[in-house]
Amino acid sequence: MKIWLDGELRDAEGARVSVLDHGLTVGDGVFETLRTVDGRAFALTRHLDRLTASARGLGLPEPDLDEVRRACAAVLEANPVPLGRLRITYTGGLSPLGSDRGEAAPTLVVAVGEAPRRPDTTAVVTVPWTRNERGALAGLKSTSYGENVVALARARAEGASEALFGNTVGQLCEGTGSNVFVALDGVLHTPPLSSGCLAGITRALAVEWTGAKETDLPLDVLERADEVFLTSTLRDVQAVTRVDGRQLGDTPGPLTAEAMRVFAERAAADFDPR
Ligand code: PLP
């Protein structure tokens with residue numbers, strides 16, 4: 001497998017990043033995951049915009065998007081996979097002391113692998129830990145993913161495949177790697193970005209394509225929602241069958257099924273939607 005590291009394609013096995021890279025020592029980095037079909041990356045421009053916004057939020061130098069585009073193209077050409085998961089990682093880079101980023105040059109890594117297959121339906125649990133909607137990292141796709149790893153492990157231990165967070169004021173926020181939508185009395189809703197959730201690219205497209213409303217929702221909305229679904233790059237729209245042990249009715253319900261249909265149709269027609 002070939003990956004892109006600091007300006008060139010290299011064999012993944014021999015590629016090395018310093019043990020003092022900020023991405024490793026303090027999780028000072030940002031990333032994007034894109035899905036690819038036959039060597040083309042879906043919604044690449046949106047992902048690059050978000051990469052830039054996340055880098056800005058962390059105070060990293062702005063990524064050189066021409067280089068990132070070149071890197072993506074080179075990696076996709078060198079590693080043909082029909083359905084891929086492309087990962088862009090951009091970190092604070094090497095610091096001689098490992099603590100102060102100083103003038104360090106950022107590290108850019110781009111790699112692609114086969115996309116894991118996600119089932120159309122899944123069970124979720126809520127977790128007691130909260131997203132901090134006013135925290136410095138709110139809404140940034142940073143490599144500091146420890147909180148998500150812990151929550152996902154809890155979900156798996158409880159027989160679910162995703163964990164949902166509330167925020168510090170008791171509102172529904174998002175999953176560890178997904179945004180969440182609920183249907184209430186025939187209307188789709190999703191938490192607004194002010195809830196602290198990531199500005200998911202699938203979420204934005206689902207809002208645009210289904211007319212879902214961005215609404216502050218209490219976490220306990222999950223106890224009465226008629227339907228629940230998740231969105232993310234590797235899921236598209238994924239119907240939720242069970243929340244904290246509460247079985248939802250026929251899954252996917254009508255609004256979820258329609259969201260799945262519209263998403264598949266529109267995404268196929270417009271591969272790089274703005
Ligand atoms: N929320 C979090 C915390 C995520 O990590 C992700 C994606 O990995 C999402 C939401 C969904 O975002 P997207 O649709 O851009 O993949």
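In what follows, every heavy atom counts, from backbone to side chain, and hydrogens, waters and symmetry copies are set aside. For this chain, numbers begin at 1 and follow the sequence in order. Ligands are counted one by one from 1 in listed order, and the atoms in each one are counted from 1 as well.
Other residues, nucleotides and ligands place more than 12 heavy atoms under 6.0 Å from the CD atom of Gln247.
Ligand 1 lies within reach of Gly175, whose nearest heavy atom is under 4.0 Å from it. Proximity of Thr33 to ligand 1 is not established, as no heavy-atom distance is less than 4.0 Å. Using 4.0 Å as the threshold, Arg50 has a heavy atom nearer than that to some atom of ligand 1.
Ligand 1 places these atoms under 4.0 Å from at least one heavy atom of Thr202: 13 (P), 14 (O). Near Arg131, meaning under 4.0 Å from any of its heavy atoms, are these atoms of ligand 1: 3 (C).
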- Task: Apply salt bridge (charged side-chain N to carboxylate O under 4.0 Å, His left out) to Arg56 and Glu62, showing your working.
- Result: CA-CA 6 Å; Arg56 247 184 231 142; Glu62 292 217 355; 2.6 Å; yes

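Here the protein heavy atom with the shortest distance to atom 8 (O) of ligand 1 is Lys141 NZ, 2.8 Å. Here the protein heavy atom with the shortest distance to atom 1 (N) of ligand 1 is Glu174 OE1, 2.7 Å. The protein heavy atom nearest to atom 12 (O) of ligand 1 is Gly200 CA, 3.4 Å.
On a distance-only criterion, Leu198 and ligand 1 share no N/O pair closer than 3.5 Å. Between Thr233 and ligand 1, at least one pair of N/O atoms sits closer than 3.5 Å. Checking only distances, Thr231 never comes within under 3.5 Å of ligand 1, N or O to N or O. An N or O contact shorter than 3.5 Å is missing between Asn148 and ligand 1 by distance. Here's the thing with Ser232: none of its N/O atoms is less than 3.5 angstrom from an N/O atom of ligand 1. Every N/O-N/O distance between His47 and ligand 1 stays at or above 3.5 Å.
When heavy-atom distances to ligand 1 are checked against a 4.0 Å cut-off, Phe165 has no atom that comes that close, whether in backbone or side chain. Contact annotation: for Cys197 versus ligand 1, there are no heavy atoms closer than 4.0 Å.
Judged by distance alone, the side chain of Glu162 and the main-chain N or O of Thr122 form no donor-acceptor pair under 3.5 Å. In this structure a side-chain-to-backbone donor-acceptor pair under 3.5 Å is present from Asn167 to Gly170. Not one N or O on the side chain of Asp28 forms a donor-acceptor pair closer than 3.5 Å with the backbone of Gly23. Between the side chain of Arg50 and the backbone N or O of Leu198 there is no donor-acceptor pair closer than 3.5 Å.
A donor-acceptor contact closer than 3.5 angstrom links the side chains of Asp21 and Thr91.
A salt bridge links Glu147 with Arg131: at least one charged nitrogen is closer than 4.0 Å to a carboxylate oxygen.
Both cation-pi conditions hold for Arg87 and Phe31: the charged atom is under 6.0 angstrom from the six-membered ring centre and inside a 45 degree cone around its axis.
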